[in-house]
Amino acid sequence: MSQGLKRLGLLPRNICVAILVAYRAVISPLYGDVCRYYPSCSAYALQAIQQHGVVRGIWLGARRILRCHPWAAGGVDDIPEPRERLATNRAGFVLAHKEQ
Amino acid sequence: MDIFALLMWPIKWVIEAILVGFHWIVTALGGDPGSGLTWVLSIVGLVLVIRSAMIPLTVRQIVSSRKSLEIQPEIQRIQKKYRGKKDQFSREAMQRETMEAYRKAGTNPFASCLPLLIQMPIFLGLVQVLTDANNQKAGVGLLTQDLAVLFSESTLFGVVPLHMTMAAGFETGSIPVIVTAILLTLIMCATQFYTQLQIMTKNQTPAMKESPMYKQQRILLYIIPVFLLISAWLFPLGTMFYWLVSNVYTLVQQLIIISKLPTPGSEAALAREARMARKRQRMGLPPVDAEEAESAAEVELRTQRQQPRGKKPKSKREGS
């Protein structure tokens with residue numbers, strides 16, 4: 001019951017995850033590797049939404065995209081560590097339990 | 001939605017100003033203000049202005065990718081460390097180390113996400129401007145009601161209205177519109193395909209060709225035409241022209257980059273070195289200019305450093 005509720009609560013972020021996964025599979029490869037960071041902007045946004053939810057995830061992702069310009073140094077740039085990481089399945093969807 | 005409109009306003013204003021400016025110039029040069037050709041030329045002008053404004057971004061990227069040549073030994077060391085390890089975690093660790101190495105050296109071979117992203121709102125803005133003009137609505141700035149009416153009534157060669165989509169062509173059964181849309185799609189497929197092929201086969205290093213991204217890119221090469229067909233179906237012919245000219249611009253720019261400033265370590269770079277060496281030989285200069293060739297030779301262990309008359313037999317040179 002509460003598991004089902006939790007899953008429902010994760011629905012918005014999983015919808016965003018689906019969009020991002022589709023983008024990463026279909027559109028992103030058209031351009032090849034362009035991002036100056038690791039993980040790339042779309043991977044960063046994906047993780048941010050998975051772990052921080054839709055609102056904070058989009059905010060973090062947008063700020064990252066603004067940081068990714070030709071004058072940026074680049075390098076490794078991970079998402080802020082969440083209090084607890086939620087588990088994700090292989091497709092990238094967020095599951096209703098914590099990461100093992 | 002209102003915030004969105006507010007964000008698009010300046011973009012649309014600039015697009016309109018450039019379009020109207022070129023429309024004025026073409027008309028002043030004797031073009032018919034109501035003809036589709038005049039509007040197509042205005043769209044060509046728009047592409048030229050926007051893409052030229054982005055040249056600094058491209059140049060900046062090329063310069064920094066050349067600079068990243070200097071830390072190539074370090075990158076090669078990392079690649080060696082992870083050679084043959086294809087699992088996800090090793091690849092991730094390798095990418096992390098590579099990126100960190102680039103950052104430490106203060107260079108980066110990647111273009112960043114900006115040049116791509118910047119084009120999306122521009123294209124969206126153009127679609128909105130053309131849609132409004134098509135509905136005979138005045139734009140946000142210099143595109144007046146009169147000009148909008150002029151645009152919505154303009155046709156290419158008297159038979160192909162610029163505001164129609166391929167879908168509208170089928171609806172009204174207008175053969176010229178359908179033929180034009182299909183022709184545009186074909187040309188776009190050809191240019192996109194050729195550009196992509198050039199980048200992939202000539203301007204990528206062997207290491208890049210090994211990445212899983214590369215394989216995905218190959219597959220997508222064959223999906224692009226489907227995308228373009230769908231967009232031809234949905235977007236007005238005017239925007240198709242924008243896209244087409246933009247593609248041609250990219251193609252020409254890419255060919256120039258491949259011949260003048262290729263990615264270090266790629267096939268194109270080797271070809272360029274060979275060309276330079278031949279040129280020097282023709283001019284009777286010593287075979288290589290010291291510094292640059294040396295670092296290049298370090299990267300690709302056997303490049304075209306001394307071309308034809310090595311003392312060793314050919315088999316030995318290629319052997320090791």
Side-chain angles (χ1 to χ4, degrees), chain A residues 19-51 54-55 57-81 85 87-93 99-100, chain B residues 54 56-65 68 88 91-120 192 195-196 199-200 203-204 207-209 211-221 223-224 226-227 250 263:
Chain A
I19 295 169
L20 272 172
V21 167
Y23 166 82
R24 282 169 58 74
V26 178
I27 298 172
S28 183
L30 283 178
Y31 304 120
D33 293 336
V34 296
C35 194
R36 294 172 84 89
Y37 291 99
Y38 185 89
S40 70
C41 289
S42 60
Y44 181 96
L46 183 67
Q47 289 175 25
I49 289 172
Q50 282 170 342
Q51 301 299 338
V54 174
V55 176
I58 288 176
W59 167 244
L60 287 169
R63 277 187 32 202
R64 166 60 173 285
I65 288 170
L66 290 180
R67 256 180 283 146
C68 190
H69 52 75
W71 293 271
V76 174
D77 175 36
D78 283 304
I79 60 165
E81 197 54 37
R85 274 184 173 262
T88 52
N89 65 11
R90 278 179 66 190
F93 292 108
E99 200 171 58
Q100 307 299 317
Chain B
M54 282 169 59
L57 291 181
T58 317
V59 169
R60 160 89 207 175
Q61 184 236 325
I62 294 165
V63 167
S64 88
S65 90
S68 65
Q88 194 196 340
R91 291 218 69 91
E92 202 182 304
M94 180 175 116
Q95 277 176 298
R96 270 175 196 277
E97 275 187 44
T98 310
M99 280 305 201
E100 206 45 35
Y102 281 131
R103 190 190 59 79
K104 271 190 197 137
T107 79
N108 199 312
F110 297 106
S112 86
C113 308
L114 183 71
L116 292 174
L117 283 169
I118 221 168
Q119 294 197 66
M120 291 184 193
Q192 183 95 40
T195 311
Q196 208 74 17
I199 297 175
M200 284 172 50
N203 210 24
Q204 289 193 328
M208 280 152 104
K209 285 186 181 174
S211 77
M213 197 71 154
Y214 181 77
K215 288 190 196 93
Q216 243 172 329
Q217 243 176 321
R218 285 217 88 122
I219 301 166
L220 272 156
L221 205 52
I223 304 179
I224 295 171
V226 182
F227 269 116
T250 309
T263 307

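Residue numbers begin at 1 in each chain, while the letters A, B, ... track the order of the sequences. For the numbers below, each heavy atom of this structure counts, side chains included, while hydrogens, waters and symmetry mates do not. Computed from a prediction, not measured in an experiment: that's the story for all the values here.
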Within a strict 4.5 Å, meaning less than it, do heavy atoms of the [X] and [Y] side chains meet?
X	Y	value
A:P70	B:L114	yes
A:D78	B:R96	yes
A:Y38	B:E92	yes

Enter the distance from [X]:[atom1] to [Y]:[atom2] here, rounded to the nearest 0.5 Å.
X	Y	atom1	atom2	result
A:C41	B:L117	SG	CG	7.5 Å
A:C35	B:M99	SG	CE	6.0 Å
A:R36	B:R103	CZ	CZ	12.5 Å

- Query: Most heavy-atom pairs under 4.5 angstrom with chain B, which of A:S42, A:A73, A:P39?
  - Reply: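 So the answer, after comparing A:S42, A:A73, A:P39, is A:A73.
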